[in-house]
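What follows is a single structure, written as structure tokens, with notes after it.
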Amino acid sequence: MSLALLTDLYQLTMSYGYWKAGMRDHESVFHLFFRKNPFQGGYAIACGLGPVVEFLENFSLEDSDIGYLESLQGNDGKPLFEPEFLQALQQMKFSCDVHAVPEGSVVFPHEPILRIRGPIVLCQLLETPLLNMMNFQTLIATKSSRICQAAQGDSVLEFGLRRAQGIDGGLSASRAAYIGGCSASSNVLAGKKYGIPVRGTHAHSWVMSFDNEMEAFESYAAAMPNNCVFLVDTYNTIQGVKKAIEVGKQLKEKGFEWAGIRLDSGDLADLSHKARQLMNEAGFEDAAIVASNDLDEYRITELKARGAKISVWGVGTRLATAYDQPALGGVYKLAAIRPPAGEWSYMVKLSEQTIKVSNPGIQQVLRLSGEDGFAGDMIVHEGFEERASVFYSFSGPSINSSQYSTEPLLQPIFVAGKRVYDIPSIHKSRAFAQEQLALFADKYVRLNDPASYPVGLEQGLEGLKKQLISQAKEQ
């Protein structure tokens with residue numbers, strides 16, 4: 001099935017407008033970025049590049065797409081688009097240059113995480129699908145990273161499929177949550193599609209299907225002796241723990257290792273203490289206590305502070321739906337345009353809100369590294385990286401970059417429509433995210449009240465922006 005029409009109508013009407021205005025061969029540069037860190041945190045984890053690459057490699061309009069567009073009408077009842085434009089759309093192939101930060105990169109507001117350069121008609125059509133794929137997965141990967149940070153090295157399982165926003169929302173959330181740090185998912189289709197480890201035990205309905213709890217646990221152990229984590233709170237949690245221990249002893253006699261219990265209600269900290277004591281006294285020191293029930297980074301932090309004896313955290317709704325912030329708010333802004341064989345015109349979008357004033361130019365991001373890790377990100381005009389020295393942080397004083405080593409964040413993904421980048425495995429992207437986070441000072445990535453990581457424009461780009469703002473205000 002073609003996904004070429006996964007876009008907003010106004011992208012098509014603007015592309016048609018460019019075509020009608022004789023701008024079909026104009027080259028453009030757009031940047032995809034976000035303006036505020038999600039969840040009142042200090043960073044985000046870039047995610048979604050894998051699906052973006054797959055989408056762009058297969059981008060084309062099928063006969064059925066053109067047939068649908070032919071059926072659209074304007075306010076006068078006449079066709080919305082001319083046949084010649086639709087024919088041009090069908091003949092159009094993906095031909096853009098694309099640069100992006102690798103999945104799992106730690107990123108910050110205002111810096112491009114994706115840059116696309118190509119015919120303006122085509123680049124405009126791609127705005128909505130690129131935002132759709134990058135916004136949500138970046139949001140979920142960031143939430144996952146924060147939850148895993150709160151878990152302090154404990155395993156975090158993503159359990160959100162049943163509450164996710166539809167099929168694609170569930171799959172995308174599982175993928176992004178794994179890259180962000182979760183160790184496994186309950187989503188079996190995501191496991192098949194992406195290679196994510198899958199985990200799961202049983203629900204309350206299993207226990208309720210038998211005459212008593214003991215029979216339910218024994219039947220489950222008989223069916224799956226190598227996967228026994230018993231849900232113990234269907235009736236009385238502590239009594240459930242005691243029965244689970246008895247079945248654990250039966251498993252041990254048969255040569256199997258009892259995996260543990262899951263707590264899904266009540267005072268999780270208090271119950272985990274009581275359960276751990278009972279399990280240890282019975283000789284099951286290594287059996288895990290899994291917790292679920294509307295967990296997120298704040299609840300896990302609270303339970304950790306109370307000394308909860310929980311070693312595995314099952315996080316569902318509040319992760320897969322980004323419960324406390326359902327959208328990232330990423331944007332896609334034009335930064336440069338030029339006619340065939342002409343000179344570049346650099347663009348800024350003005351706003352009465354300073355945060356919404358865009359940055360011009362063909363941008364690259366240089367990450368500064370010193371002895372103490374990463375020190376700041378400098379947005380530069382591509383081609384002028386070597387002369388860059390001072391950059392003006394959006395949140396603080398200027399920084400001289402000459403005392404640091406620099407690394408470009410945006411990597412070439414497509415050149416003239418041909419992929420030149422090998423997408424790492426999802427496991428490598430997950431490991432990369434964790435490695436990158438470890439290189440930032442704690443003050444920038446801590447959960448609560450983080451400091452603002454220095455990001456800003458290189459001196460020459462800052463001057464260009466001020467000049468363009470001044471010129472735009474005179475219009």
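Partners of Y332 under the ring pair (Phe, Tyr, Trp, His ring centres under 6.0 Å) rule, at least two apart in sequence or in another chain, are F30. Not counting sequence neighbours, the partners of E382 by the salt bridge (Lys or Arg N to Asp or Glu O under 4.0 Å) test are R115. I355 pairs by the side-chain contact (heavy atoms from CB on, under 4.5 Å) definition with R35, K36, H110, Q353, not counting sequence neighbours.
L461 and I379 make their closest contact through CD2-O, 3.7 Å (heavy atoms, listed as atom of the first residue, atom of the second, distance). Taking all atoms of both residues into account, the shortest heavy-atom contact from S105 to P102 is OG-O, 2.6 Å. Closest approach of R419 and I423 over heavy atoms only: NH1-N, 4.2 Å. In terms of heavy-atom proximity, M347 sits nearest to S358 at O-OG, 4.4 Å. Closest approach of S15 and Q124 over heavy atoms only: OG-CB, 3.6 Å. For the pair G104 and F432, the tightest heavy-atom approach, listed with the atom from each and the gap, is C-CD2, 3.8 Å.
No donor-acceptor pair under 3.5 Å is formed between the side chain of N58 and the backbone N or O of L3. In terms of modelled atom types and a separation under 3.5 Å, the side chain of S470 and the main chain of K466 share no donor-acceptor contact. Without hydrogens or angle criteria, E62 side chain to S64 main chain gives no donor-acceptor distance under 3.5 Å. For D377 (side chain) and V455 (main-chain N/O), no donor-acceptor pair under 3.5 Å exists by modelled atom type. Judged purely by atom type and a 3.5 angstrom limit, T13 uses its side chain to pair as donor or acceptor with the backbone of Y10. Formation of a donor-acceptor pair under 3.5 Å by the R262 side chain with backbone atoms of H202 is found in this model. For N135 (side chain) and G330 (main-chain N/O), a donor-acceptor pair under 3.5 Å exists by modelled atom type. Checked by atom type and distance alone, the side chain of D8 never pairs as donor or acceptor with a backbone atom of Q11 at under 3.5 Å.
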I45/V107 under side-chain contact (heavy atoms from CB on, under 4.5 Å): CA gap, chis, key distance, verdict: CA-CA 6 Å; I45 300 293; V107 290; over 6 Å; no

Worked check of side-chain contact (heavy atoms from CB on, under 4.5 Å) between Q363 and V380: CA-CA 6 Å; Q363 298 166 27; V380 303; over 6 Å; no

Worked verdict on W19 versus M23 for side-chain contact (heavy atoms from CB on, under 4.5 Å): CA-CA 6 Å; W19 186 82; M23 298 173 62; over 6 Å; no

CA sep, side-chain torsions, deciding dist, call: V315, F159, side-chain contact (heavy atoms from CB on, under 4.5 Å): CA-CA 5 Å; V315 186; F159 281 175; over 6 Å; no

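Using a 4.5 Å cut-off on side-chain heavy atoms (C-beta onward), V365 and M378 make no contact. The closest side-chain heavy-atom distance from L368 to S405 is not below 4.5 Å.
Every pair passing ring pair (Phe, Tyr, Trp, His ring centres under 6.0 Å) that includes a residue from residues 401-420 is listed here, sequence neighbours excluded: F94-F414. Applying the ring pair (Phe, Tyr, Trp, His ring centres under 6.0 Å) test to every pair with at least one member in residues 439-475, sequence neighbours left out, gives these pairs: F108-F440, F108-Y453, F374-F440, F440-Y453, Y444-Y453. Residue pairs that meet the side-chain hydrogen bond (donor to acceptor under 3.5 Å, both in side chains) test with at least one member in residues 142-164, sequence neighbours left out, are Y43-S145, K143-E297, K143-D324, R146-E297, R146-Y298, D154-K304, D154-W313, S155-S183, E158-S174, E158-S185, R163-T317.
Salt bridge status for R367 with E111: present, with a side-chain N to carboxylate O gap under 4.0 Å. Under 4.0 Å is where a charged nitrogen must lie from a carboxylate oxygen, and between E343 and R338 no such pair does. Between E103 and R430 there is no salt bridge, since no side-chain nitrogen of the basic residue lies less than 4.0 Å from a carboxylate oxygen of the acidic one.
For K349, the NZ atom counts as densely surrounded, since its 6.0 Å shell holds more than 12 non-hydrogen atoms of other residues, nucleotides or ligands. Residue Q73 qualifies as enclosed at atom CD: its count of foreign heavy atoms under 6.0 Å is above 12.
At a cut-off of 3.5 Å, with distance as the only test, a side-chain donor of S265 or D233 sits close to an acceptor on the other residue. No side-chain N or O of Q40 forms a donor-acceptor pair with one of N448 less than 3.5 Å apart. With 3.5 Å as the limit, one finds no donor-acceptor pair spanning the side chains of N359 and H31.
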